[in-house]
There are 2 protein chains.
Amino acid sequence: MSLVALRLFVRVAATGSFAAAARQQGLPASSVSRHIAALEKALGQRLLYRHTRAVRLTEVGERYYQQVREILDTLDIATEQAAGTASQPQGLLRINAPVAFGRRHIAPRLASFQARYARIETELTLSDAFIDPVQEGVDVVVRVGALNDSSLVARQLARQHFVVCASPGYLERWGMPSTPDALSEHNCLIYKGTRGVQQWYFRDPGARKYRVREVRGNLRSNNAESLLEAALQGQGIVLFPTWLIHAELKAGRLTPVLSDWEASGEPAPQGIHAIFPENRLRSSKVAAFLNDLQTTIGEPPYWDA
Amino acid sequence: MSLVALRLFVRVAATGSFAAAARQQGLPASSVSRHIAALEKALGQRLLYRHTRAVRLTEVGERYYQQVREILDTLDIATEQAAGTASQPQGLLRINAPVAFGRRHIAPRLASFQARYARIETELTLSDAFIDPVQEGVDVVVRVGALNDSSLVARQLARQHFVVCASPGYLERWGMPSTPDALSEHNCLIYKGTRGVQQWYFRDPGARKYRVREVRGNLRSNNAESLLEAALQGQGIVLFPTWLIHAELKAGRLTPVLSDWEASGEPAPQGIHAIFPENRLRSSKVAAFLNDLQTTIGEPPYWDA
DNA sequence: TAGGTGAATTGCATTATGAGCAACTCGATG
DNA sequence: CATCGAGTTGCTCATAATGCAATTCACCTA
C-alpha cells in the first residue's frame, strides 16, 4: 500500500477518469491502472466500477475516497508545516483563471510573486468555463461573477465596475452619445457568453436601481478581446469591466462614454473572487499567493485607481 | 515520501530508538535509518536528534509525530473499514499480557478465537512489567491491578478474588488454621514483587474494611508459579487470586482455607483490565478480540463460577 | 452497420528503488 | 581499557515501478 496509489485513487475518483488522473500526476495511464489495481487487491475490495466511458466509485470506494482525501490533505498540511518551519512556502501552486483576467492581472503578477517566493512553482491554466478546483486538482480558481454554492470558500479580490467606451476615432466620426437612450443610434459591440446576450444596464445619476437599455450592433462575440480589438479599430461602442480595458483607457486608445451614468453588464454588481477548497487556505503557498494578489490589486483595485 | 517512511518515523518516535522500530517492523536497522533520512531530506528539516544512546524528537519532529500518528491511525481505520466491508476482521493483532495470566487465560483462548476469525494473526507477548501499548506498538495490553492514568482506555475484564489455600497434605500434617491470626503459626509462601512484599489482607465476616495480618514463611519469590509449585508440594500456605489457581482448587490439589474470611493481596479490590489506545477500539480486530475475551471469561469469570 | 476514437488493461524490456548483509564509527558501560 | 549496542554507510541483489506498445472494449459517427 503506497502513498502514490492513494493519491492516484483520489485523483481518479475526483476526475472520474484514469487518463485525467494520469495527466495530472504526469504518469502514464498504465501506472495509474496498476496502482489502483494494487490498491484494490490490498483491500480485497473493488473501489471503482470500470464502466465503458467513465469510471464510477463503488459504495466502499465512495466512503474510502472521502476519508482518504481528508487524510491526504491533512498529511500534506502537516508535512508542509514541518517543512516550512523557518523556511519559505514551497511546492507547486496550481492556479486557474478566466483567460482575459488571467492574462492581464494574474500572469503579470507571477514574476514578482515568484521572485519573492523562490521555492514556489506555479502552473497557470486559463479557461473561461467554470472548473471545480477539487475535480481538477487546482489550488486556486479565480472567477468573475456568480459563485457556485458548494463546499468551496470564496474570497473577494475586487469589485467589478463597467464602463461604456469607444475609440476616439469612432466618437469623432459618429459623435458622442449624450444619454443611454442615444446608444440605440450607435453600433454596440455586444458580448454573448454562455448566459446569452449580455444586457447593458444603466443607473441614472442619483437613482438606486439599474435599468436595461436596448442596444444593437453588427458584431457579437463570446470572446471579449475580439470585441475589444474591434472597438479599438473604431468599429463601435463596448461595455466592459474596467479591469479589462484600464490600459486602453489610460493610454487614451479608448474614451469613456456616458460617465454620468453608472453602467453594468449585470443586473447587480458582481465581484472578482478567488475560490478554493476550504482546507487549502491552511497551505502557506496558497495563503501567500492570495495575500500577494490582494495587496497588489489593492482596494480600490489599481486598474480603477 | 513513502508510507513506510512515515510508519517507521512514528515507531522510532514512539520507541525512541531506530533499532526497536526496526525490530517491530521486521526490517534491518539500516533501512530504518535510510527511510528516516529520506523523510528528513524530503522535509528539508531534521526530525530527530541522534543522540548517543537514545533518539530525541526535535521540535518540528514532535509536532509532525503527533500529526502523522493521528493520520496513520485514521488511514488504517479507513482502510480496514473499506477492506472489512462484508468481510472478516483481519490483520496482525498484537497482545501483551502478564506471564501467568497470559498462559492460563489468554493463550488457551486464542485457538478458538483464531478459528473463528481465520484472517487474524496474533502475536502474544507475555511480560510482567507494565508496557506502554503506544510505545511498543501493541494493540491490547492486559494488566492486573492499578491502571496508569494516561491517554489509554481500560476495559475491565473481570474482578479479582483471592483465596488462601494449601495442599491437602500440608493441612493434614499441620492442621487447618481456624482464624487469620492462626496463620502466624503456619508457613506462608509470600509473593514479593516490584512493589515489595505482598501483604495479606482479611475482612472479617460482615466487616467493611480489610485488615492486614502478619504472615511469615520460609519462601518468598517474585514468581507466583514457583510459590504455587511449592504449595502443591505441601511446603506451605499461599494467597493467590482465583484466576491463578482455579484449576488446582477444582482438582482438589489445593484446598481453600479460612473460607469465612474474604482475603486479598491488595488493600482494595482490583480488577483485570484490557488497556489500549483509545482509537484502537475502532479497529475491528481489536473489538473482536475484546468481545471474544469478555464473553468467554464471562461475569462472574469462569474461574470463579 | 462498419469504422474510428478515446479509455483502460496487459505484456515486456528497462530502470530504479529498497532490502539485506557487513563493515565502520562512536558513546556508554563495566 | 575493552566490549557492547546503536546508528550510519557501502555494496550487491532482488523486487517493483516505469514507459512504451499492443490489445480490448464500448461508444460515437459517418
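In what follows, every chain begins at residue 1, and chains take the letters A, B, ... in the order their sequences are listed.
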- Item | Smallest separation among heavy atoms of B/Pro133 and B/Pro277, with atom names |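 The pair with the smallest heavy-atom distance is CB-CD, 4.0 Å.
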- Message: Taking any heavy-atom pair under 4.0 Å as a contact, classify B/Val32: base, sugar-phosphate, or nothing.
- Response: nothing
- Pick base, sugar-phosphate or nothing for B/Val4, based on heavy-atom distances below 4.0 Å to the nucleic acid. nothing
Verify the contact: side-chain N or O of [X] to OP1 or OP2 of [N], cut-off strictly under 4.0 Å; return yes or no.
| X | N | result |
| --- | --- | --- |
| A/Arg50 | C/dA7 | no |
| B/Ser31 | C/dA19 | yes |
| A/His35 | D/dT18 | yes |

Between [X] ([atom1]) and [N] ([atom2]), how many Å, whole number?
| X | N | atom1 | atom2 | value |
| --- | --- | --- | --- | --- |
| B/Lys41 | C/dT17 | NZ | C1' | 13 Å |
| B/Leu48 | D/dT8 | CG | P | 9 Å |
| B/Leu6 | C/dG18 | CG | C1' | 16 Å |
| B/Leu3 | C/dG18 | CG | P | 13 Å |
| A/Phe9 | C/dA8 | CZ | P | 15 Å |
| A/Leu8 | D/dA17 | CG | P | 12 Å |
| A/Ile36 | D/dT18 | CD1 | C1' | 16 Å |
| A/Leu39 | D/dA16 | CG | P | 16 Å |

- By salt bridge (Lys or Arg N to Asp or Glu O under 4.0 Å), which residues pair with B/Arg103, not counting sequence neighbours?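 With neighbours one apart ignored, the set is B/Glu225.
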- Message: According to side-chain hydrogen bond (donor to acceptor under 3.5 Å, both in side chains), who are the partners of B/Asp139, at least two apart in sequence or on a separate chain?
- Response: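 B/Arg280.
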- Hits for side-chain hydrogen bond (donor to acceptor under 3.5 Å, both in side chains) against A/Ser221, two or more places apart or cross-chain, chain-then-number order -> none
- Message: Going by ring pair (Phe, Tyr, Trp, His ring centres under 6.0 Å), name the pairs with one or both residues in residues 2-31 of chain A, residues two or more places apart or in two chains.
- Response: A/Phe9-A/Tyr64
- Item | Nucleic acid contacts - residues 11-27 of chain A versus DNA chain C, non-hydrogen atoms under 4.0 Å | A/Ser17, A/Phe18, A/Ala19
Show me, pair by pair, the donor-acceptor contacts under 3.5 angstrom made by side chains of residues 23-39 of chain A, not counting sequence neighbours?
{"residue": "A/Gln24", "atom": "OE1", "partner": "A/Arg11", "partner atom": "NH1", "Å": "2.7"}
{"residue": "A/Gln24", "atom": "NE2", "partner": "A/Glu136", "partner atom": "O", "Å": "3.2"}

- Item | Proximity to the side chain of B/Ser30 - top-ranked nucleotide from D/dC20, D/dT9, C/dA8 |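 Of D/dC20, D/dT9, C/dA8, D/dT9 is nearest to the side chain of B/Ser30.
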- Task: State, with a plain yes or no, whether a side-chain heavy atom of B/Leu293 is found less than 4.5 Å away from one of B/Val140.
- Result: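 No, every pair of side-chain atoms sits at 4.5 Å or beyond.
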Please tabulate, for side-chain N and O atoms in residues 68-77 of chain B, each donor-acceptor pair with protein atoms closer than 3.5 Å (sequence neighbours left out).
{"residue": "B/Arg69", "atom": "NE", "partner": "B/Tyr65", "partner atom": "OH", "Å": "3.3"}
{"residue": "B/Arg69", "atom": "NH2", "partner": "B/Gln66", "partner atom": "OE1", "Å": "3.4"}
{"residue": "B/Asp73", "atom": "OD2", "partner": "B/Asn279", "partner atom": "ND2", "Å": "2.8"}
{"residue": "B/Thr74", "atom": "OG1", "partner": "B/Glu70", "partner atom": "O", "Å": "2.6"}
{"residue": "B/Asp76", "atom": "OD1", "partner": "B/Arg7", "partner atom": "NH1", "Å": "3.3"}
{"residue": "B/Asp76", "atom": "OD1", "partner": "B/Arg7", "partner atom": "NH2", "Å": "3.0"}
{"residue": "B/Asp76", "atom": "OD2", "partner": "B/Arg7", "partner atom": "NH1", "Å": "3.1"}

What does the list of N/O pairs under 3.5 Å between the protein and nucleotides 12-15 of chain C look like, with a distance for each?
none

- Query: Residues in side-chain contact (heavy atoms from CB on, under 4.5 Å) with A/Arg116, at least two apart?
  - Reply: A/Asp292
